[in-house]
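Reviewing the structure listed below.
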Amino acid sequence: MTTTTAMPAPAVPRLDFELLRRVAFYFGVVNLFAAPFVPDSFAYAVGAATPFGLLAIIGQPTMPKGVAFFLLWQWAQTFSRALQSIFDGESMANGISGPDVLQAYWYALSSLVVLALAFRLVLGGIKPPTARDYYAHERWRAQDLIIVYVGSIAASVFFNILSRQVGSLDQPLFAASQVKVVALFLLCTYVFTTGRGGGTLLAAIFIEILVGFTGFLSDFRAVFIYVAFAAIAARVKWTFTASAAAVAWLALLLLLALFWTSVKVEYRDYVTGETESQQIRVPLGERMAYLGDKALNIGDTKWGETSYLLLIRFAYIDVFGQVISVAESVPEAVPMRQWREALSHVLQPRVLFPGKAPLSDTDVYMRLTRADPMEYVRLGTSISVGYMAENYVDLGFPGMLAGIFVIGVMLALVMKYFMTRSLPWMLREGIVMAFAFSAGGVGMEMSLPKMLGAMLMFFLVWSLIAKFALPVVMHWLDQRAGLPRTTTP
C-alpha cells in the first residue's frame with residue numbers, strides 16, 4: 001500500500017479533530033444559555049464559541065496536533081478571564097487593571113482566529129500519510145522505545161547542565177533538550193496504537209510528574225499536555241473507559257495545579273534559601289521530603305482561595321489591558337520598537353556577539369505597563385507582557401493582526417518543514433509538538449524575542465537532528481526489532 005491514507009472515516013468514535021469539534025460545539029451551546037446570567041454576556045458567549053471556530057479552521061486530519069495545543073492553550077488563558085469575572089461579580093472593564101481589559105480580551109480572541117487562519121493557509125495542503133507512514137512506529141519494540149526515552153532524559157539533563165555552564169549556547173541547547181518531549185510523545189503514541197507497554201508508560205508519567213514538582217517552576221503540567229495530544233495524534237477509540245480516563249486525567253491535573261499553587265511560594269523560599277534567585281540549594285531528597293510532608297497535610301489547603309489564585313494566574317489578559325491603557329496615553333516613541341529589538345536580539349547570537357545585553361522581559365513589562373513588577377519577580381521569576389501586547393504597542397488594532405499573522409505563518413512554515421520529512425508520521429507529530437511547546441508552552445506570556453528565538457533555534461537544531469541523529473536511532477531500533485535497515489518509514 002503506497003497511496004491509501006491511514007485516516008478513513010472511523011467506524012467507531014475516535015479522539016480526533018472531529019470529536020474535538022463536537023465537544024467544542026456542545027461547550028459553546030451550553031455556555032450560550034449560561035451567558036445571560038454572567039457579566040459581559042456577549043463576550044462570554046463568543047469566548048465559549050471560539051474553540052469551535054478555531055477547530056473548524058484548523059481541523060483537518062493532517063493538521064499537526066501541536067497546532068491545536070498552541071491555539072487552545074492560549075484560548076484557555078483568554079477565556080479564564082471571562083470566568084474570573086463571574087467570581088468577581090463585575091465586568092472585565094471594571095476590574096483593578098482598568099477598562100481596557102475587555103478590549104484586550106477581544107483583541108486576544110481576534111489574534112487566535114488570525115493565527116488559525118495562518119496555520120490553515122500554510123499547513124492545509126499537507127498530504128495524508130499512507131498506512132505505512134502512519135503505523136511505521138509500530139515496527140519497533142516497546143522495550144527499545146523505553147531505552148530511547150531513558151536515553152533522551154539523560155541527554156536532556158546533559159544539555160540543561162551544559163547550558164548553565166555555557167550561557168552563550170543556552171538557546172540551541174534548550175532546543176536540543178526537547179528530545180525528551182519527542183521520545184515521550186513517540187512512546188505514548190506507540191502504547192496508544194499497539195496497546196503494549198502501558199505499565200512502563202505509567203511509570204514514565206509518574207517520574208515526569210515527580211521531577212516536574214521538584215524543580216523551581218511548575219514543569220509537571222507538561223507531561224499531561226504531551227500525553228493528551230499524543231492520544232489525539234494516535235486517534236484512540238473513544239469509549240466510556242476513555243471518557244472516564246480523560247475526566248480523571250483532567251481532575252488529576254487540576255488537583256496537582258491547585259496543590260502547587262498552595263505551596264509554591266513557601267517551597268521556592270525553601271529550595272533557594274530565600275536568596276531571591278532561581279538557584280536551587282536543597283538536595284533532591286530533601287525537596288521530595290518537603291513536598292511529601294505538604295501532601296500529607298493537603299487537608300489544610302484553602303481550596304476556594306487557592307482555586308481563585310490559580311484562575312487569576314492562568315488568565316493573562318489584565319497585563320495586556322494595562323499595556324493598552326499606557327499605549328493610548330503614552331504612545332511608543334520609537335516606531336516598531338518591539339519588532340526591531342526582537343529581530344536584533346534574535347539575529348545577533350550571543351556566541352558571536354558575547355557583549356549582547358541579556359534579554360529581560362521584566363524591563364519590557366516595566367516600560368510598557370508603568371507598573372511595579374516586584375510582586376511578580378520575587379525570587380528571581382519574571383513577568384512578560386506577551387507577544388500579543390507587544391504587537392499592539394507597535395501596530396495598534398487592527399494593525400496588530402498583521403503582525404500576529406506573520407508570526408503564525410513563520411510558526412507554520414517550521415511545522416510544515418518537519419511534517420514533510422521522511423520520518424514516521426508519529427515522529428513528525430512529536431517533533432512539531434516539541435516545537436509548539438518550545439515556542440508557546442507558556443502561552444500568551446511568551447515575549448516576541450523569545451518566540452522568534454525559539455523558532456529559529458528549534459529549526460536549526462532539529463533540522464540537524466532529523467538529518468543526522470534520528471536516522472541512527474531509527475536504524476538501531478530496526479536492528480533491535482530484527483528488521484532490515486530502512487531510511488524511510
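All residue numbers in this chain count up from 1 along the given sequence. Quick caveat: nothing in here was measured; it's all calculated off a predicted structure.
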Which pair of heavy atoms, one from K467 and one from P471, lies closest together, and at what distance? O-CG, 3.3 Å
Kindly assign one of parallel, tilted or perpendicular to the pair F320 and Y392, based on the angle between their ring planes and the thresholds 30° and 60°. perpendicular
Applying ring-ring contact (aromatic ring centres under 6.0 Å, His included) to Y226 and F437, what does each step give before you reach the verdict? CA-CA 9 Å; Y226 305 151; F437 202 84; 5.2 Å; yes
For the rings on Y44 and F79, is their centre-to-centre separation under 6.0 Å? yes
Checking F224, F314, F229 against W73 for ring-ring contact (aromatic ring centres under 6.0 Å, His included), the one that qualifies is F314
Is the W462-F418 ring centre distance short of 6.0 angstrom? no
Minimum heavy-atom separation for L401 to V114, with atom names? O-CG1, 3.6 Å
side-chain contact (heavy atoms from CB on, under 4.5 Å) for R14 and L19? Distances and angles first, verdict last. CA-CA 7 Å; R14 289 185 178 272; L19 181 60; over 6 Å; no
Indicate yes or no for a side-chain donor-acceptor contact from K127 to the backbone of G125 under 3.5 Å, with no hydrogens or angles considered. no
Any ion pair linking E390 and R337 (charged N to carboxylate O, less than 4.0 Å)? no
My understanding is that only one of F192, F185, Y190 makes a side chain to side chain contact (heavy atoms under 4.5 Å, CB included) with C188; could you say which? F192
Is there a side-chain contact between Q338 and N391 in this structure, where contact means two heavy atoms from C-beta onward sitting under 4.5 Å apart? no
Give a yes or no on whether Y26 atom OH has more than 12 heavy-atom contacts from other residues, nucleotides or ligands under 6.0 Å away. no
Less than 4.5 Å apart, any side-chain heavy atom of Y149 and any of T200? no
Run through V461, I161, L162 and flag the one making a side chain to side chain contact (heavy atoms under 4.5 Å, CB included) with L173. L162
In Å, rounded to the nearest 0.5 Å, how long is the span from CE of M63 to CG of L71? 9.0 Å
Any side-chain heavy atom of F206 within less than 4.5 Å of one from V223? no
Compare all side-chain heavy atoms of I209 with those of I205 and state whether any distance is below 4.5 angstrom. yes
Applying salt bridge (charged side-chain N to carboxylate O under 4.0 Å, His left out), run through R132 and E138 and close with a yes or a no. CA-CA 10 Å; R132 185 166 175 261; E138 294 186 5; over 6 Å; no
Between the side chain of R428 and the main-chain N/O of R421, is any donor-acceptor distance below 3.5 Å? yes
May I have the step-by-step check of side-chain contact (heavy atoms from CB on, under 4.5 Å) for S384 and Y365, ending in yes or no? CA-CA 6 Å; S384 165; Y365 171 87; over 6 Å; no
Going through the distances and angles, do V191 and L145 end up as a side-chain contact (heavy atoms from CB on, under 4.5 Å)? CA-CA 10 Å; V191 172; L145 288 173; over 6 Å; no
Side chains of K450 and D361: does their closest heavy-atom pair fall under 4.5 Å? yes
Cation-pi geometry met for R21 and F17 (6.0 Å, 45°): no
Side-chain donor-acceptor pair present, H137, T193, cut-off under 3.5 Å: yes
Do P449 and E341 come close enough that some side-chain heavy atom pair is under 4.5 Å? no
Do the two ring centres, one from F174 and one from F159, sit under 6.0 Å apart? no
Are the side chains of L15 and R235 in contact, using a 4.5 Å heavy-atom criterion? no
Do the non-hydrogen side-chain atoms of M455 and L411 ever get within less than 4.5 Å of each other? yes
